[in-house]
Amino acid sequence: MSQYLLKRLGLTIILLWLVATILFYFVHLLPGDPAMVVLGGGEQHQPTAEQLARVREQLGLEDPLMVQYSRYLGGLIRGDLGNSFVNQRPVTLDLRIRLTRSLQLIIPAMVLASLLGIFLGILAAGRRGKFSDFFFSGIALTGFSVPVFVSGNILVLIFAINLRVLPSAGYANLFEDPSRWLSYAILPIVSLSLAPLANVMRMTRTSMLEQFNQDYVRTVRAKGVSERVITYRHVLRNALLPVITLIGMQTGILFAGSVIVENVFNWPGLSTLLIRSIGSRDYPVIQGTVLLTSFLFILVNLVTDLSYAFINPKVRYK
Amino acid sequence: MNRFKSIKRLLKDFRIIICGLFILLLALTAIFAPIIAPHSFSQMNTLDRFSGPGPEFLLGTDEFGRDILSRLIHGARLTLIISLGAVAISSVIGTLAGLIAGYSGGWTENILMRLMDALFSFPPFLLAIFVIVFLGPSVINLILTIGLLYIPRFARIAHSSTLLVKELEYVEAAQALGASIPRIIGRHILPNIFAPIMVQMSLTLGAAVLLESGLSFLGLGPPPPTPSWGRMVQQSARFMQMSPYGIIWPSVIISLTVLSFNIFADAVRDNLDPRLRQ
C-alpha cells in the first residue's frame, strides 16, 4: 500500500509540474504583449516605446525565458501567482474568495449527484427491461445531453418567471444569511448536478448489471439469500468501485459546468472572475484560475484513486 | 466476412435508424443551408420583433425580428463544421498515438501516454476557454482547440485495445510472416479495435457540440454575424420574459443533436460489444 501511495504521489507531482509548465509556455509563446495590456493599449491609445519598455522591465519580461520560468515555478511553490494587471492585487487573494463561493455550488451539486445518481442507478438496475428502467435511463441520457445553460435557463423560466417562487439570479453570503443563500443557490446547484447525476446513474446501473452476472451472485442466490440482501450486501459493494472513480472524474465536468452556471445565475465565483479577466485580458488572473482548477482537478483524482485503492483490496495488496 | 453482418445488425436497431436519420438530416440542412433557409439569417424585421411561430416565420423571430428558423439552419453549419473537424483531428491523432504506444511499448509508450495524462488533467472546458482567449475565436482555432482536447480520449481507448489485440495469434502470425510494422498496425490491429473507437467518435461529437455551444454561450464562439446556437441562447436569455421562443428553439436543437450522438453511441456499443448483446 505505501509503495502504491508513493508511486501515485510521485506521479501527481510530475503531473502538476507538467501542467504548470505547459501553461507557462503557452502564455509566453502566444502572440500578444502583456505590457500593452497593463498600459491599456488599444486602437485609440498607443503607449510610447519607452512606456512599453519600462513596463516590460517591471514585469520581468526582458529576462531570459528560463529565468522567468524558474521565477514562476518558485512563486508557485510559495503560493504566489503574481499580481493582477488590472488592479495590481495578488491573484491568490481573489482566487481564495472566489473559490469558496464556487465550491458552495460545486460541493452540494456533487453530493446531490452522487447520492441521487447511485440511488436511481440501483433502482434502474433492479428493474432491468421494465418501464421504469427505460424511463430513468431515458431521463439520464437526456440529462447529460442537455447543456447546462439550457437546463439553467429552463429552471429560471419555470421557477423564477412563471411560478415566481425563487429569484432568477444573485448571491447571498452563506454564513450571514443561509436561507437567502439557499434561495439563490438551489437553482444553480440543481442545474449543475444534472449531468454528473446522469453519468453516475448510468455507471451505477451498468456496473450493477455486470455484477449480477457474476458467479458469486449465483452462489449466494443458491444459498437462498434474499434479493434485497444480494443487492445491497454483495452486488452494490462491488459495483460501487467504478462509480467512485467516475465521481472523481465528474469534478472536471462540474468545474466546466460552474463556468456556465455562474454566468447564467450571476454567481460571483471563480468563473465570473475568469470571464471578467478575459474581457480585460488580465493574463495572471486567467492563468491563475486555469491553474487552480486544473490542480484541484488533479488532486481530486488523486484522492479518488487513493480511496479506490483503500476500498479495493486487489489494489491495496499488489 | 462478418463486417457485413455487424452493419446489418446495427440497422436493425431502431435507435440507430432514428438518430442516424436525424444526424443525416442535420448534415443535409447544414450543406444546403442557403437554399433551405426561408429567410436571410441577418435580415432584421423591426416590425416583427418577438413574434411567435406563424406562417411567415415558422419558429418566430428574435429580438431584432430575425427569423429564428433561418438562423438555426445556418447555425447548424457552424456547429457541424466545428465538431466534425475537431473529431476528425482528435480521432486520427489520438488513435495513431494509442496504436503506436500500445504496439511499441517501452519508453515510447511511457512518454506518449504520460503526455496524454497531462493533457487529460486539464478540465477540458477551461483549457478551451484559455486557448480561445489567446488565439481568438475563429472557426479554425475552435476546431484545432477542441480537436486537441479530445486526443487523449482516443489515445487511451486505442492504447488499451491495442494491448489486448497485439497478443492475439493472428498478430503473431503476421509478425512471423515478416509483415512490416505499419502493415501489422494498419491491416491487423486497427480493424479490430475500430468498434470502440467508433463509439468514442459518436460520443465525442456530442461532447464537441456541447463544448462549442458552451463557448458560444460565453461569447467565445465565432464572432457575429455568423449565427451560432449557443450565442442565440445567450442573447435571447435576456428577453425570456418577453418571448421564450428565442431561447426555446436553439435549446431544443442543441439538446436533440447531442442526444442523438449519445444515443447513437449507446446503440453501437450495445450491438457491437458481445457482452452487452442480449
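Both backbone and side-chain heavy atoms feed into the values below; hydrogens, waters and symmetry mates do not. So that the names make sense, note that chain A is the first sequence line, chain B the second, and so on, each numbered from 1.
- Counting heavy-atom pairs closer than 4.5 Å to chain A, the top-ranked of the candidates B:L211, B:V233, B:T257, B:I248 is B:V233.
- Annotation: maximal heavy-atom pairing with chain B below 4.5 Å, among A:L141, A:I22, A:L18, occurs at A:L141.
- When each of A:L23, A:I154, A:V148, A:V264 is scored by its heavy-atom pairs under 4.5 Å with chain B, the top score falls to A:L23.
- With a 4.5 Å cut-off on non-hydrogen atoms, A:I14 does not touch chain B at all.
- Here the side chain of A:S84 pairs no donor or acceptor atom with the backbone of A:V91 at under 3.5 angstrom.
- Looking at A:L209, neither its backbone nor its side chain comes within 4.5 Å of chain B, counting heavy atoms on both sides.
- For B:L259, the parts sitting under 4.5 Å from any heavy atom of chain A are the backbone and the side chain alike.
- One N or O on the side chain of B:R231 and one on the backbone of B:P222 form a donor-acceptor pair closer than 3.5 Å.
- When A:N263, A:V156, A:T289 are compared by the number of non-hydrogen pairs under 4.5 Å with chain B, A:N263 comes out ahead.
- In terms of the ring-ring contact (aromatic ring centres under 6.0 Å, His included) criterion, residue partners of A:Y72 (sequence neighbours excluded) are, by chain and number, A:F24.
- Although no hydrogens or angles enter the test, the distance criterion places no donor-acceptor pair under 3.5 Å between the side chain of A:S277 and the main chain of A:V285.
- For the residue pair B:S83 and B:E212, no side-chain donor N or O sits within less than 3.5 Å of a side-chain acceptor on the partner.
- When each of A:I298, A:V146, A:V19 is scored by its heavy-atom pairs under 4.5 Å with chain B, the top score falls to A:V19.
- The pair A:R202-B:D266 meets the salt-bridge criterion, since a charged nitrogen lies less than 4.0 angstrom from a carboxylate oxygen.
- Looking only at heavy-atom pairs under 4.5 Å with chain B, the residue among A:L157, A:L296, A:L291 that has the most is A:L157.
- For B:L256, no part sits under 4.5 Å from any heavy atom of chain A, backbone or side chain.
- Across B:V209, B:L220, B:N262, B:L210, the residue that shares the most heavy-atom pairs under 4.5 angstrom with chain A is B:N262.
- Atom OH of A:Y69 has more than 12 neighbouring heavy atoms from other residues, nucleotides or ligands inside a 6.0 Å radius.
- Only the side chain of A:V290 comes within contact range of chain B, with heavy atoms under 4.5 Å apart.
- Side chain to side chain, A:E210 and A:T206 fail the donor-acceptor criterion of an N or O pair below 3.5 Å.
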